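My questions all concern the structure below.
So you know, we letter chains A, B, ... as the sequences are listed, proteins then strands, and number each from 1. Since the structure is predicted, the reported quantities are computational estimates derived from the model, not experimental observations.
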2 protein chains.
Amino acid sequence: MLRLSKLTDYAVVVLARLGAEGGVQTAPGLAAGTGVAEPTVAKVLKILAHHDLVEGQRGARGGYRLMRPLRDMPLSTVIAAIEGPIALTACVDNGFGSCEAEGVCAVRGRWDPVNRAIRDALAGITIADLAGPTVHASFSAAAE
Amino acid sequence: MLRLSKLTDYAVVVLARLGAEGGVQTAPGLAAGTGVAEPTVAKVLKILAHHDLVEGQRGARGGYRLMRPLRDMPLSTVIAAIEGPIALTACVDNGFGSCEAEGVCAVRGRWDPVNRAIRDALAGITIADLAGPTVHASFSAAAE
DNA sequence: TTATACCGGACCGCTGTGGTCCTGTTTGCC
DNA sequence: GGCAAACAGGACCACAGCGGTCCGGTATAA
């Protein structure tokens with residue numbers, strides 16, 4: 001498995017759409033454009049806004065816009081925003097005391113290189129890479 | 001997060017212990033040696049045996065033994081054994097039809113490089129690497 | 001013959017996730 | 001000045017997956 005959550009998947013799709021359109025897009029508009037349910041899109045955008053990946057603009061004619069180009073947004077950042085810090089095992093981020101087998105655990109502390117490898121792999125891929133060859137407004141802007 | 005299951009963690013610990021001891025070890029013995037509950041160790045070993053990573057020997061004086069040295073056992077194999085095939089999104093392994101937004105999904109099929117990157121990173125690390133500098137029987141064999 | 005230990009299940013509580021909804025608050029437009 | 005659009009920040013609930021335990025069956029050595 002090693003599966004990441006659906007929310008993260010949605011986040012990537014929404015960000016890709018946001019990047020393709022450019023400018024300010026509303027949550028309902030993005031929902032229609034991506035096929036994801038509107039409340040879910042709103043939830044994702046709120047989380048992303050919380051982590052300064054997008055910026056919300058309130059009021060009528062409001063919406064969301066990217067705070068940096070997709071090319072400067074590594075996948076690891078998005079995953080970390082939605083799911084929290086990237087670490088394969090609980091051992092790593094919880095520090096000490098949480099593992100009852102600390103004394104006899106032969107693997108103690110050796111997960112670090114693994115985590116780093118994963119992190120590096122994920123940091124080397126940007127949302128722009130996932131969004132395809134810069135799909136520049138190939139869709140109608142606020143399609144129904 | 002991107003967290004892998006505890007079972008996988010246990011599997012690595014148990015395998016490391018099995019490799020350090022060498023020969024045939026019983027589930028209760030490994031449980032005592034690792035600090036993991038015995039039924040859980042048994043469960044993990046059963047799964048590993050199912051995937052030909054260890055071999056079970058029934059009867060009195062039975063137990064489990066490694067089917068290949070830890071050095072030839074990449075982490076990806078263990079993860080795949082416990083959690084199933086490694087794939088970050090449901091899109092990938094489910095093929096078609098499972099994603100209702102196939103038509104509008106701009107990310108369609110672009111997760112493959114990501115999955116491959118993760119898989120490679122995990123395949124490059126063996127259990128021997130995680131088990132430390134070949135801890136050869138530094139503990140008493142079947143310690144209580 | 002008996003004790004040991006694996007084998008293959010079923011079983012259950014819990015946590016986290018996915019998804020929805022509701023009540024503010026802000027802002028543009030008529 | 002009033003109204004509608006749209007974000008903000010929650011609470012809320014159903015469901016699936018995971019962690020963990022237990023039981024009956026079978027093989028094998030002493």
Item to check | Candidate nucleotides C/dG28, C/dC7, C/dT20, ranked by approach to the side chain of A/Ala60 - the nearest | outcome: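 Of the candidates, C/dG28 comes closest.
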Item to check | B/Ser5 side-chain proximity, nearest of C/dG18, C/dT4, D/dC18 | outcome: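 Out of C/dG18, C/dT4, D/dC18, the nucleotide with an atom closest to B/Ser5's side chain is D/dC18.
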Item to check | Protein-nucleotide distance (A/Lys6, atom NZ; C/dG16, atom C1'), rounded to Å | outcome: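 Atom-to-atom, A/Lys6 to C/dG16, this comes out as 14 Å.
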Item to check | Candidate nucleotides C/dG24, D/dG20, C/dT20, ranked by approach to the side chain of A/Ala37 - the nearest | outcome: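 From the listed options, C/dT20 comes nearest.
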Next on the checklist: With a 4.0 Å limit, can you tell me whether A/Thr40 has a side-chain N or O closer than that to the phosphate oxygens OP1/OP2 of C/dT20?
Outcome noted: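 Checking C/dT20 against A/Thr40, a side-chain N or O does come within under 4.0 Å of OP1 or OP2.
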Item to check | Distance, rounded to the nearest Å, where B/Lys43 contributes NZ and D/dG20 contributes P | outcome: 9 Å
Item to check | Rounded distance in Å - CD (B/Glu83) to C1' (D/dG17) | outcome: 12 Å
Checklist entry - C/dG16 P sits how many Å from A/Leu7 CG, rounded? => result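 Going from CG in A/Leu7 over to P in C/dG16 covers 15 Å.
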Item to check | Under 3.5 Å donor-acceptor, A/Asp129 side chain and A/Thr126 backbone | outcome: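 Yes.
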Checklist outcome for this item: Separation of C/dC6 atom P from B/Leu18 atom CG, nearest Å, is 11 Å
Item to check | Proximity to the side chain of B/Thr26 - top-ranked nucleotide from D/dG9, C/dA5, D/dC18 | outcome: C/dA5
Next on the checklist: With nearest nucleotide decided by heavy atoms, which residue, A/His50 or A/Gly62, maps closer to the 5′ end of DNA chain D?
Outcome noted: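 It is A/Gly62 whose nearest nucleotide is closer to the 5' end.
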Checklist entry - Mapping B/Gly63 and A/Glu38 to their closest nucleotides on DNA chain C, which lands nearer the 5' end? => result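 The residue closer to the strand's 5' end, by nearest nucleotide, is B/Gly63.
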Item to check | Among D/dC22, D/dG20, D/dG9, the one nearest B/Tyr10 by side-chain distance | outcome: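 Closest of the options to the side chain of B/Tyr10: D/dG20.
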Checklist entry - Would you say B/Arg61 has more than 12 foreign heavy atoms packed within less than 6.0 Å of its CZ? => result no
Next on the checklist: Between the base of D/dG9 and the side chain of A/Lys46, is one N or O donor paired with an acceptor at under 3.5 angstrom?
Outcome noted: yes
Item to check | Candidate nucleotides D/dA8, C/dG18, C/dG28, ranked by approach to the side chain of A/Arg58 - the nearest | outcome: D/dA8
Checklist entry - Any donor and acceptor pair, going by atom type alone, linking the side chain of B/Thr77 with main-chain N or O of B/Met73 inside 3.5 Å? => result no
Item to check | Shortest side-chain distance from B/Ala27, nucleotide among C/dT4, C/dC6, D/dA4 | outcome: C/dC6
Next on the checklist: Heavy atoms only, 4.0 Å cut-off, all strands: where does A/Leu45 land among base, sugar-phosphate and nothing?
Outcome noted: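 Since no nucleic acid heavy atom lies under 4.0 Å of A/Leu45, the category is nothing.
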